[in-house]
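The next block holds one structure in the form of structure tokens; read it before the comments.
All ligand and atom numbering here is 1-based and tracks the order in the structure.
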Amino acid sequence: MTKESYRMPDGFLWGAANAAHQFEGAWDVDGKGISIADVMLAGTKPWLNGQAPAKYANATAAGLATKHRLVTDQVEEGGNYPNHRGIDFYHTYPEDFALMKEMGMNAFRTSIAWTRIFPNGDEDEPNEAGLAYYDRFFDKMLALGIEPVVTLNHFEMPYHLVTEYGGWRNRKLIDFFTKYTRVVLERYGDRVSYWMTHNEINNQAQYFSDHLMLQNSGLKDYDESDAEELMYLASHHELVASALAVKIAHEVKEKVGNPKLQMANMIAMNPIYPHTSNPADQMAAYRAMEQTYWWGDVAARGKYPKWLLNYFEHHNFKVDITEEDEQILAENTVDYVAFSYYMSNVIGADDNPWIDFRLDKNHFDNEFLEKSDWGWQIDPVGLRWALNWMYDRWDKEMMIVENGFGAYDQLESDNSIHDDYRIKYHQDHVLNMERAVVIDGIPVMGYLPWSGIDMISASTGEMLKRYGFIFVDLDDAGQGSGKRYKKDSYYWYQKLVHSNGTEL
Ligand code: BGP
């Protein structure tokens, strides 16, 4: 019996995805400023000599057990900052893009490092050396026939905007972000058609996580009791800035004469299922979905959902939604929705009618799903479910800009890597995506897995949590030859892309 598979529409984008701070390295080259990623230590080996400075001794000891990445006040002598080196893609991109082109990819997603363009974020003029670098970078991609898909803000905002302005809680960030957006869209808008604003803006729904609050909103040094209100306030400023970025994209589209230029939001989509068929569990899961994806409602529908405005009022949260903001949001909804997909979750009800959903409460394992070594529940059917849920809700074309399987890969003596577990993960997810496209009629623009090449894990700072179809011989301390080797998944993906989805 032939294996089930479906051909994707002509022009479908088969690519891969990454992010500047996770693979470029060159953290202080050509005028680049310090980003929030540059002050995050590795979760597995935070101090290169194994000795934590006195001021960080307690936090280091507490974090090691869970690979929790310590955020330092500044770049500290002796710290192991894996994002400082990444895989040196800043210099190796010509060779690495050629390797990825050989895989047959016609698209690649990455971010522009905001701090290469505005090192501190509040300068009047951009850093020309940074702009010139990405000129060469995008020109190389286009010369290879690889369509750039670009994230404006991928967990790498200028750290100066955190320490000097308090991050996105400060409305001034809207101006800093829109200035940066206008500069890069006017510079690259003739060559780069697919853009998106804030990576996984909704991660901060889990506002009890210091990492997610820093990575999404540059929030640091706040009282735990203020965390939820701060998250909503910062999110509002991010959403207004995102809508203004859509407006700028439409202006630049005309100015540079690129009719394909379009701007998306970017959501981390991991479905939340009810623990049982008990209606109380269903109601909890329903609200948990709304509390985790309302950012998509504002970006795609142009207004806040009523339940959330009620929630702000009930909790006396001061979120400064002005009439001008409401008009900006309403007039500038996104052109398409970009999202990441890795796993799904399960929650049960509690007795709070205002349902303050948090993944650290009433969270259950899904007895029908297996987990990765990092506990991520593997759910390919959930990808089809999510595509249907989002299309029904937001009525926008969609692009899968992250889907991947982090694993400890083994480099064999003959330099082969047998990652059949990663091939299976992608086979199952691609099949469900193809069902959504062909059977459910969902308009999916492309599949850009995380990732074409190994890089630094965002949550743990590990190099050994590998996602790539291309292996990079480096470890968590940055030791190794740095050589690239093709995994078995490289050849599998090459066949899939060349068949436009039928050779699963
Ligand atoms: C998403 C991020 C990516 C990447 C991915 C894998 O949340 O958008 O940047 O990090 O997760 O997760 P991790 O790197 O934590 O293993």
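- Side-chain contact, Thr72 with Tyr81: a donor N or O sits under 3.5 Å from an acceptor N or O.
- Within 4.0 Å of ligand 1, the residues that place a heavy atom are Gln22, His154, Phe155, Asn199, Glu200, Tyr342, Trp376, Glu402, Trp450, Ser457, Ala458, Ser459, Lys465, Tyr467, listed by chain and number.
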*asked:* Set out, in order, the CA-CA distance, both residues' side-chain angles and the distance that settles salt bridge (Lys or Arg N to Asp or Glu O under 4.0 Å) for Asp419 and Arg466, then state yes or no.
replied: CA-CA 10 Å; Asp419 58 338; Arg466 299 180 185 281; over 6 Å; no
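- Between Phe23 and Phe89, the angle of the ring planes stays under 30°, which puts this pair in the parallel group of the 30/60° scheme.
- The pair Asp454-Lys487 counts as a salt bridge, with a side-chain nitrogen and a carboxylate oxygen less than 4.0 angstrom apart.
- The side-chain hydrogen bond (donor to acceptor under 3.5 Å, both in side chains) test with Asp210 is passed by exactly one of Lys220, His68, Arg69: His68.
- The side-chain hydrogen bond (donor to acceptor under 3.5 Å, both in side chains) search around Thr60 returns Trp47, not counting sequence neighbours.
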